[in-house]
Asker: 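Can you keep this structure in mind? I'll have questions shortly.
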Amino acid sequence: MNTNRLSKTIEAALNAQMTKEAHAAQIYLSLGAWADSQAFGGVSNFLFRHAQEERNHMMKILEYILKRGGKVTVTAIPDPIPDPKNLQECFESVFKQEVDNTTWIYKLVKLSLTEEDWATWNFMQWFVKEQTEEETLAIELLDKIKVAGNEHSALYSFDRDLLGTPDDAKLAQDVTADKP
Ligand code: FEO
């Protein structure tokens, strides 16, 4: 009896997304190591925490495939990106990485819609929200770097702030008029 509740196409797309999340973790790890080597300890800590988040995303998908009776295929992870030249470039890479990932998540949502796989569609909604948060956070951090410019003291404060920066951004849909 076939107990696999995933179509071959969805199963392959979920497996591919698992590798993309693992790749994202490698990118954050690599950027975090670069930041530490540039004496940005706060940035490094933030990026290392984020690498762990990406691995959690990978595990979520892995567990979902298994729970739906599908087959998990663990593959090699592509190399991370080259080191950035400065903090601005570092966070531009973070933003780009998240936008790319959002594109893949949307493709999976569209595929589940086309196949009328409502369980996968429902599962993927968590990722849609997560991507919105991650893009918002990256935009906010890029804005802060822009304000800091090349001033050492401002960049130092930015770095210190990142030690305590929450890992999730506040989303527009959670805002009210009295709590903007
Ligand atoms: Fe797994 Fe940054 O998205």
Side-chain angles (χ1 to χ4, degrees), residues 6 10-36 40 42-68 70 72-84 87-113 117 119-145 158 161-174:
L6 301 171
I10 297 259
E11 188 182 74
L14 285 167
N15 270 298
Q17 188 58 37
M18 224 179 70
T19 309
K20 286 190 194 309
E21 302 292 343
H23 186 219
Q26 296 298 85
I27 291 175
Y28 278 106
L29 264 188
S30 168
L31 290 174
W34 169 84
D36 191 74
F40 291 122
V43 172
S44 168
N45 182 287
F46 171 83
L47 293 167
F48 287 154
R49 289 193 324 258
H50 212 102
Q52 202 50 38
E53 260 198 46
E54 298 297 350
R55 279 191 60 82
N56 289 341
H57 297 169
M58 179 199 69
M59 281 306 294
K60 253 186 210 298
I61 299 170
L62 182 147
E63 286 284 344
Y64 177 74
I65 298 171
L66 292 177
K67 288 206 158 83
R68 299 298 288 154
V72 165
T73 311
V74 176
T75 62
I77 307 169
D79 282 344
I81 53 177
D83 283 347
L87 263 193
Q88 167 142 0
E89 211 179 284
C90 173
F91 281 94
E92 280 171 1
S93 297
V94 164
F95 179 64
K96 182 181 175 307
Q97 145 63 29
E98 291 304 337
V99 171
D100 284 351
N101 203 29
T102 301
T103 308
W104 290 107
I105 297 283
Y106 286 0
K107 282 188 178 160
L108 242 164
V109 172
K110 195 172 172 188
L111 184 64
S112 54
L113 181 80
D117 177 347
T120 300
W121 185 89
N122 181 255
F123 172 71
M124 290 310 298
Q125 294 311 305
W126 184 89
F127 285 88
V128 171
K129 187 167 183 232
E130 180 69 12
Q131 284 311 118
T132 315
E133 280 181 5
E134 298 197 331
E135 286 182 10
T136 301
L137 187 56
I139 292 168
E140 283 173 3
L141 294 176
L142 273 172
D143 283 349
K144 283 185 184 170
I145 290 175
F158 174 82
D161 283 353
L162 275 199
L163 266 181
T165 294
D167 295 331
D168 297 313
K170 189 174 183 183
L171 290 182
Q173 50 265 53
D174 298 329

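In each ligand, atom 1 is the first atom listed, and ligand 1 is the first ligand listed. Here the structure is a predicted model, which is why all the values come from computation and not from measurement. The figures that follow rest on heavy atoms only: side chains count, while hydrogens, waters and symmetry mates do not.
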Asker: Quick one: does Lys67's side chain get under 4.5 Å of Tyr64's, heavy atoms only?
Answerer: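 Heavy-atom side-chain distance check fails, nothing below 4.5 Å.
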Asker: Just jot down the side-chain hydrogen bond (donor to acceptor under 3.5 Å, both in side chains) partners of Glu89, sequence neighbours excluded, or say none.
Answerer: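 Testing Glu89 for side-chain hydrogen bond (donor to acceptor under 3.5 Å, both in side chains), a comparison that skips the adjacent residues, returns none.
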Asker: So, at under 2.8 Å, which protein N, O or S atoms would a careful student list around atom 1 (Fe) of ligand 1?
Answerer: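 Metal shell, protein only: Glu21 OE1, Glu54 OE1, His57 ND1.
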Asker: Of all residues at least two apart in sequence or in a different chain, which pass the salt bridge (Lys or Arg N to Asp or Glu O under 4.0 Å) check with Glu140?
Answerer: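 Glu140 satisfies salt bridge (Lys or Arg N to Asp or Glu O under 4.0 Å) with no other residue.
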Asker: With heavy-atom distances below 4.5 Å as the criterion, would you say the side chains of Thr136 and Lys170 are in contact?
Answerer: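 Thr136 vs Lys170: side chains apart.
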Asker: Sequence neighbours left out, what passes side chain to side chain contact (heavy atoms under 4.5 Å, CB included) with Ile65? Give chain and number order.
Answerer: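 For Ile65 the side chain to side chain contact (heavy atoms under 4.5 Å, CB included) partners, ignoring immediate neighbours, are Leu6, Leu14, Asn15, Met18, Ile61, Val72.
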Asker: Counting distance only, does the side-chain N/O of Gln52 pair as donor-acceptor with the main-chain N or O of Phe48 below 3.5 Å?
Answerer: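 Pair absent, no side-chain N/O of Gln52 close to backbone of Phe48.
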